[in-house]
Amino acid sequence: MSRLHEFKELFQHITAAWGRGEQAVLVILTDVKGSAYRLPGTKMVMTSDGRMSGTISGGCLESDLFEWAKHVFSTKTMMIHQYDLSDNEIWSLGIGCKGNLRFLFLPILPCNQFWLHVQNLLFREQDFTLLIDLNTGKMSLIEENRTLYGDEVPASVFTHAKLTASRQTRAEIFEKHFYIDAVKRSERLIIAGAGRDAVPVADLARRAGFAVTILDARTYLNNKQSFPHAEHLVREPEDIESNQLIDSWWVIMNHHQMKDEASLKLAIESKPRYIGVLGPIYRTNEILANIGYSVNSGPIHSPIGLDIGAENSDEVAISIVSEIMSVRAGRVPRLLHGKVKIHD
């Protein structure tokens, strides 16, 4: 699974390279055995003038990957390269992750209709599933309406890709040589309250892959200056229909009893994925009692955040977003200390 906003940002670098008259290669981590810095589906863009966008290995492989990308600049054909990072005698790099990694190098040419179609879907923010035959280089995608665009694929591949798109958490190799990557829009996180302590929460949540919306009727707080990368819902919660916000993630942090009551009521009634409420549990229970609900009325987390000893607003933001990430990943938060494999 890939986050659409990351792919979209990479494509902006691709179109910028085209504008400079440079070539662009999309580098995809397609398969991992053992330990690795990132998961299958991670992408980078490398351009013929030496620029790189994105990160795959945290810096230990990127320079060598660029040397392979140079070959693709020359041939303009797909290439696969594999690393066995368990062999330090070969690499003499002392690389921390000891995995077996396979990379796909794809030339992205401005005249290729397939990639122009991908670009169009990305900028319209429409989900799709990318399919690549690693043996032949044939490419196709399945759009939201479940129609196939591009080269034909075996029925088994098409069926599997459709069935797993909604629940895929990382890209996969199917039937040994079909790369399947569900590219999905970011989950929507609604932060109710535009106070100063909401600023680092919004920033961290965006960096963690959420599409952030700030819900607050105060224009002097809920604006582009305070939250430059968020959508702004400058309205009172009472004036919003719950069906407009279905399937969202919520953080309630108005620091105002009546506003928190109205926001929490709207969140519960909008079929949420998650609701986190700032403050002690007794306050949350009082709010819930006032609006006719209980802590069991939805996926309510109170007090919101992980117990990491947070005090100032930045630390609290880390605590909040860390909990939300763990819920999104279906993980019970715990120390990584002693784990053999980071990504289970």
Side-chain angles (χ1 to χ4, degrees), residues 1-3 6-7 10 24-46 52-75 77-108 129-141 153-154 156-157 160-161 164-165 167-184 209 325 329-331 334-344:
M1 187 274 288
S2 296
R3 294 194 178 102
E6 289 184 352
F7 203 169
L10 289 178
V25 167
L26 183 65
V27 184
I28 304 176
L29 176 60
T30 61
D31 197 20
V32 173
K33 291 180 174 61
S35 180
Y37 185 76
R38 305 252 352 231
L39 294 173
T42 302
K43 301 172 182 66
M44 283 190 71
V45 168
M46 298 183 172
M52 302 184 198
S53 304
T55 180
I56 282 181
S57 73
C60 49
L61 280 180
E62 276 74 359
S63 294
D64 195 75
L65 288 169
F66 187 77
E67 293 302 313
W68 292 102
K70 287 180 180 178
H71 180 71
V72 181
F73 296 144
S74 174
T75 63
T77 57
M78 180 192 85
M79 186 191 76
I80 295 173
H81 183 68
Q82 190 154 329
Y83 292 93
D84 183 357
L85 300 183
S86 64
D87 193 342
N88 281 339
E89 289 186 3
I90 293 177
W91 285 97
S92 301
L93 296 174
I95 291 174
C97 296
K98 306 296 184 181
N100 190 299
L101 315 178
R102 181 161 54 165
F103 290 94
L104 174 65
F105 295 77
L106 291 170
I108 312 297
T129 297
L130 181 64
L131 307 173
I132 302 175
D133 186 334
L134 300 179
N135 285 346
T136 66
K138 291 183 177 180
M139 297 180 294
S140 54
L141 57 85
V153 297
S156 59
V157 175
H160 177 79
T164 60
R167 63 177 186 270
Q168 189 186 66
T169 58
R170 66 188 70 178
E172 63 176 316
I173 303 297
F174 182 68
E175 293 187 350
K176 297 184 179 180
H177 62 96
F178 280 96
Y179 171 78
I180 301 178
D181 184 8
V183 181
K184 303 177 186 178
M325 288 174 61
R331 301 292 185 94
R334 63 187 189 276
L335 295 177
L336 290 173
H337 174 68
K339 285 194 71 176
V340 175
K341 190 175 180 182
I342 295 173
H343 298 299
D344 292 330

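Computed from a prediction, not measured in an experiment: that's the story for all the values here.
Among residues two or more places apart in sequence or in another chain, the side-chain contact (heavy atoms from CB on, under 4.5 Å) test is passed with Met325 by Ala208, Val321, Arg328. Shown here are the side-chain contact (heavy atoms from CB on, under 4.5 Å) partners of Thr77, two or more places apart in sequence or in another chain: Thr75. Remark: Arg102 engages Asp31 in a salt bridge (charged side-chain N to carboxylate O under 4.0 Å, His left out) (not counting sequence neighbours). Applying the salt bridge (charged side-chain N to carboxylate O under 4.0 Å, His left out) rule to Glu6 yields the partners Arg38; only residues at least two apart in sequence or on another chain are considered. Shown here are the side chain to side chain donor-acceptor pair (under 3.5 Å) partners of Ser63, two or more places apart in sequence or in another chain: there are none. With sequence neighbours excluded, the residues that form a side chain to side chain donor-acceptor pair (under 3.5 Å) with Ser2 are Lys43, Asp181. Every residue was checked against the side chain to side chain donor-acceptor pair (under 3.5 Å) condition with Thr164, not counting sequence neighbours, and none meets it. With sequence neighbours left out, the salt bridge (charged side-chain N to carboxylate O under 4.0 Å, His left out) criterion links Lys70 to Glu67. By the ring pair (Phe, Tyr, Trp, His ring centres under 6.0 Å) test, Phe178 pairs with no residue at all, sequence neighbours left out.
The shortest non-hydrogen separation linking Leu134 to Met78 is O-CE, 3.4 Å. Minimum heavy-atom separation, Met46 to Met44: CE-CE, 3.9 Å. Pairing each heavy atom of Leu29 with each of Tyr179, the nearest pair is O-CE1, 4.5 Å. Between Thr30 and Pro40 the shortest heavy-atom distance is O-CB, 3.7 Å. The minimum heavy-atom distance linking Phe174 with Ile180 is given by the pair CB-CD1, 3.5 Å. The two residues Asn135 and Asp133 come nearest to each other via the heavy atoms N-OD1, 2.9 Å.
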*Run the side chain to side chain contact (heavy atoms under 4.5 Å, CB included) check on Phe105 and Phe73 step by step: do they pass?*
CA-CA 10 Å; Phe105 295 77; Phe73 296 144; over 6 Å; no
*For Ile108 and Val45, what are the C-alpha separation, side-chain angles and deciding distance, and is it a side chain to side chain contact (heavy atoms under 4.5 Å, CB included)?*
CA-CA 9 Å; Ile108 312 297; Val45 168; over 6 Å; no
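Residue Ser140 holds its OG atom at 4.0 Å from CG of Leu131, rounded to the nearest 0.5 Å.
Between Tyr83 and His81, the angle of the ring planes goes over 60°, which puts this pair in the perpendicular group of the 30/60° scheme.
At least one donor-acceptor pair closer than 3.5 Å links the side chain of Glu62 to the backbone N or O of Ile56. The main-chain N or O of Ala165 is found under 3.5 Å from a side-chain atom of Lys184 such that the two form a donor-acceptor pair.
Leu106 has its side chain within reach of Ile132: a pair of non-hydrogen atoms, C-beta onward, lies under 4.5 Å apart. In this structure, the side chains of Leu141 and Val183 stay at 4.5 Å or more apart for every pair of heavy atoms.
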